[in-house]
Asks: 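Sharing a structure with you now.
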Amino acid sequence: MKLFDLDEVDVRAAFDDGAPAYLLVNPVEYHGPHLSLLNDHVVARGLARDLHARLNLRRDPSARWPFLLTHDLNVGVEPAPGPGSIPVSHRDVVAKVVKACRELSRLGAQKVAIMTFHGSPNHAAALEMGVKYLRRKGVRAISPLNAALRGLLDLRPSTIEGAFAHIDDLEERAVMMASIEDDFHGGFIESSLTMHYAPETVKPIIRELPACPPLVPSATIALAARAAARACGKGKAVSQELLVIGKSLAWMKLRPFPGYTGHPRWARPEVGAIFAEEIIDEYAAIAESVFAGSGLSPAPFLNWISVVSLRGRIGPPEIPLNAILQV
């Protein structure tokens with residue numbers, strides 16, 4: 001399995017010097033009519049490059065590591081439906097990820113960052129199998145998107161006011177700031193990141209796209225969220241997670257299905273730079289801690305729902321209250 005374009009001797013030498021490897025694992029997935037089917041790859045690649053640059057800042061300029069970025073595996077569990085999306089089972093993604101991790105271990109990798117920008121809980125669970133495999137081999141590994149996804153739940157618009165400053169429609173700006181956690185696929189955030197990292201991949205139609213309709217969780221999910229808030233020690237976090245699931249399910253039921261959330265027409269490259277810096281600050285803190293041997297990779301996002309769904313083998317029914325009360 002050839003992961004790098006570089007000669008194996010050069011890869012081994014870089015690993016011997018402690019250079020991290022960046023393993024790309026992203027689906028072929030529809031992101032609306034304005035973004036590429038490989039959009040998760042584009043953003044993950046840009047974040048990997050920025051993370052590597054940040055880690056290299058601590059090293060002497062004459063001894064900085066080369067950027068060891070693998071070919072993308074181009075697989076992902078549960079991509080959004082739409083033209084061109086290619087779903088891959090959890091089992092098959094795990095098999096490909098572990099195979100790639102086995103090759104990285106064989107080459108002598110000591111540090112690995114598994115880079116994705118696909119937020120499916122079952123995808124995160126599949127990548128975690130790679131993290132665990134590497135850990136058993138003595139390799140320090142991270143899957144940092146898990147932390148960024150959790151951060152979306154607690155994102156305070158006041159901390160990124162600059163991201164909204166260019167929106168001259170004040171009413172729409174207020175709506176966007178109040179519902180930024182609903183912007184989870186192909187919308188304002190992701191489109192801005194793409195414009196920052198690869199503007200040539202964004203189609204002009206983005207300026208004509210209407211906002212995604214409001215995402216309203218079902219009464220069952222809303223009730224479950226309230227019950228979780230009362231029943232669990234981690235009530236607020238579980239309640240927030242349930243609302244994310246409820247909004248995701250509501251989005252999937254939209255007809256016609258837009259393929260994106262939020263307000264992509266307001267995306268700008270300078271906004272992408274703001275979000276990228278926030279993400280890299282978090283990624284770098286995780287990488288420095290784990291690669292130094294003092295921390296652990298963040299746990300998979302919404303892993304409990306991945307367990308409830310048997311890693312995607314059963315569909316996304318309304319979530320029963322007894323499953324929530326046992327969280």
Side-chain angles (χ1 to χ4, degrees), residues 1-26 40-75 93 96-118 123-124 126-149 151 193 197 276-300:
M1 183 179 193
K2 187 172 175 59
L3 292 174
F4 302 99
D5 289 327
L6 293 172
D7 186 271
E8 182 172 318
V9 173
D10 295 328
V11 173
R12 286 183 176 276
F15 284 156
D16 287 344
D17 190 38
Y22 300 89
L23 174 61
L24 291 168
V25 189
N26 294 279
D40 290 333
H41 163 77
V42 166
V43 176
R45 180 185 61 196
L47 291 171
R49 191 175 296 277
D50 280 356
L51 173 58
H52 186 69
R54 182 76 66 86
L55 296 178
N56 251 341
L57 285 177
R58 294 184 175 273
R59 296 178 62 80
D60 186 276
S62 64
R64 287 180 174 164
W65 294 312
F67 183 42
L68 300 178
L69 184 72
T70 71
H71 303 300
D72 203 313
L73 300 187
N74 287 329
V75 293
V93 173
K96 289 181 179 295
V97 168
V98 171
K99 183 178 180 181
C101 289
R102 185 181 299 117
E103 178 66 4
L104 289 172
S105 177
R106 183 189 72 81
L107 291 170
Q110 303 168 40
K111 310 179 187 78
V112 175
I114 302 179
M115 303 298 295
T116 190
F117 205 68
H118 180 53
H123 186 71
L127 301 192
E128 182 69 6
M129 298 301 289
V131 170
K132 289 180 177 179
Y133 174 87
L134 290 167
R135 193 180 299 151
R136 290 195 298 271
K137 294 291 184 178
V139 180
R140 295 168 181 173
I142 60 173
S143 182
L145 182 65
N146 294 321
L149 292 173
L193 283 165
Y197 284 125
E277 185 173 5
E278 291 283 328
I279 294 170
I280 293 303
D281 284 346
E282 187 161 33
Y283 279 22
I286 293 167
E288 288 169 352
S289 172
V290 174
F291 292 168
S294 58
L296 290 175
S297 178

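This is a predicted model, so every value here is computed, not measured.
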Asks: Which heavy atom in R140 sits nearest to a heavy atom in A292, and how many Å separate them?
Replies: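 For R140 versus A292, the nearest heavy atoms are NH1-C, 3.5 Å.
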Asks: Got a second to check how far I114's CD1 is from I142's CD1, nearest 0.5 Å?
Replies: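 With rounding to 0.5 Å, CD1 (I114) is 9.0 Å from CD1 (I142).
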Asks: Distance-only, no hydrogens or angles: does the N146 side chain make a donor-acceptor pair with backbone N or O of P298 under 3.5 Å?
Replies: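 Yes; at least one donor-acceptor contact below 3.5 Å.
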Asks: Sequence neighbours left out, what passes ring-ring contact (aromatic ring centres under 6.0 Å, His included) with H41? Give chain and number order.
Replies: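 Here no residue qualifies.
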Asks: To check you understand the geometry: which heavy-atom pair defines the closest contact between A284 and L55, and what is its length?
Replies: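 Heavy-atom minimum between the residues: O-CD2, 4.5 Å.
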Asks: Could you grab the distance from atom CG of L23 to atom CD of E103, nearest 0.5 Å is fine?
Replies: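 So the CG of L23 and the CD of E103 are separated by 11.0 Å.
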Asks: Classify the ring geometry of H118 against H123: parallel below 30°, tilted from 30° to 60°, perpendicular beyond 60°.
Replies: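 The rings of H118 and H123 stand perpendicular, inter-plane angle above 60°.
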Asks: Using every non-hydrogen atom in the two residues, find where L145 and Y283 come nearest and quote the distance to one decimal.
Replies: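 Taking L145 first and Y283 second, the nearest heavy atoms are CA-OH, 3.4 Å.
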Asks: Do you know the tightest heavy-atom contact between L134 and A141?
Replies: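 So the minimum-distance heavy-atom pair works out to CD1-CB, 3.7 Å.
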Asks: Using atom types as modelled and distance alone, determine if a side-chain donor or acceptor of W65 lies under 3.5 Å from a backbone N or O of D17.
Replies: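 At least one qualifying donor-acceptor pair exists.
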Asks: First locate atom CD of E278, then atom CD of E282, and finally report the distance between them rounded to the nearest 0.5 Å.
Replies: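 Answer rounded to 0.5 Å: 9.0 Å.
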Asks: Looking at V93 and A126, what are the two nearest heavy atoms and their distance?
Replies: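 Heavy atoms only, the tightest pair is CG1-CB, 3.7 Å.
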Asks: Do D281 and R54 touch side chain to side chain, with heavy atoms closer than 4.5 Å?
Replies: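 Contact flag for D281/R54 side chains = yes.
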Asks: Under 3.5 Å, is there a donor-acceptor pair between the side chain of D72 and the main chain of N26?
Replies: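 Looks like yes, one N/O pair under 3.5 Å.
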Asks: Nearest 0.5 Å, what's the CG-CG distance between L24 and L69?
Replies: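 L24 atom CG to L69 atom CG measures 4.5 Å (nearest 0.5 Å).
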Asks: Is a side-chain N or O of K99 found less than 3.5 angstrom from the main chain of C101, in a donor-acceptor match?
Replies: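 Answer holds: no.
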Asks: Donor-acceptor pair, distance only, cut-off 3.5 Å: does the side chain of Q110 make one with the backbone of F15?
Replies: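 Looks like yes, one N/O pair under 3.5 Å.
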Asks: With a cut-off of 6.0 Å (strictly less than), are more than 12 heavy atoms of other residues, nucleotides or ligands near CD of E277?
Replies: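 12 or below, so no.
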Asks: Please determine whether side-chain contact (heavy atoms from CB on, under 4.5 Å) holds for the pair V11 and L3, giving the CA-CA distance in whole Å, both sets of side-chain angles, and the decisive distance to 0.1 Å.
Replies: CA-CA 10 Å; V11 173; L3 292 174; over 6 Å; no
Asks: Parallel, tilted or perpendicular for H52 and Y22, by the 30°/60° rule?
Replies: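 Rings of H52 and Y22: perpendicular, as their planes differ by over 60°.
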Asks: For E128 and K132, what are the C-alpha separation, side-chain angles and deciding distance, and is it a side-chain contact (heavy atoms from CB on, under 4.5 Å)?
Replies: CA-CA 6 Å; E128 182 69 6; K132 289 180 177 179; 3.8 Å; yes
Asks: My understanding is that only residues two or more places apart in sequence, or in another chain, count here; which of them pass salt bridge (Lys or Arg N to Asp or Glu O under 4.0 Å) with D10?
Replies: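 For D10, no residue satisfies salt bridge (Lys or Arg N to Asp or Glu O under 4.0 Å) once neighbours in sequence are set aside.
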Asks: To the nearest 0.5 Å, how far apart are CZ in F117 and CZ in R45?
Replies: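 So the CZ of F117 and the CZ of R45 are separated by 14.0 Å.
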Asks: Keeping K111 on the side-chain end and G18 on the backbone end, is there a donor-acceptor pair under 3.5 Å?
Replies: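 Between the backbone of G18 and the side chain of K111 there is a qualifying donor-acceptor contact (under 3.5 Å).
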Asks: Looking only at non-hydrogen atoms, find the nearest pair between M1 and K96 and report the distance.
Replies: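 That would be CE-O, 4.3 Å.
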Asks: Can you list the steps and then say if T116 with L127 is a side-chain contact (heavy atoms from CB on, under 4.5 Å)?
Replies: CA-CA 9 Å; T116 190; L127 301 192; 3.5 Å; yes
Asks: Just verifying a value: how many Å separate D50 CG and Y197 OH, rounded to the nearest 0.5 Å?
Replies: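 D50 CG to Y197 OH: 3.5 Å, rounded to 0.5 Å.
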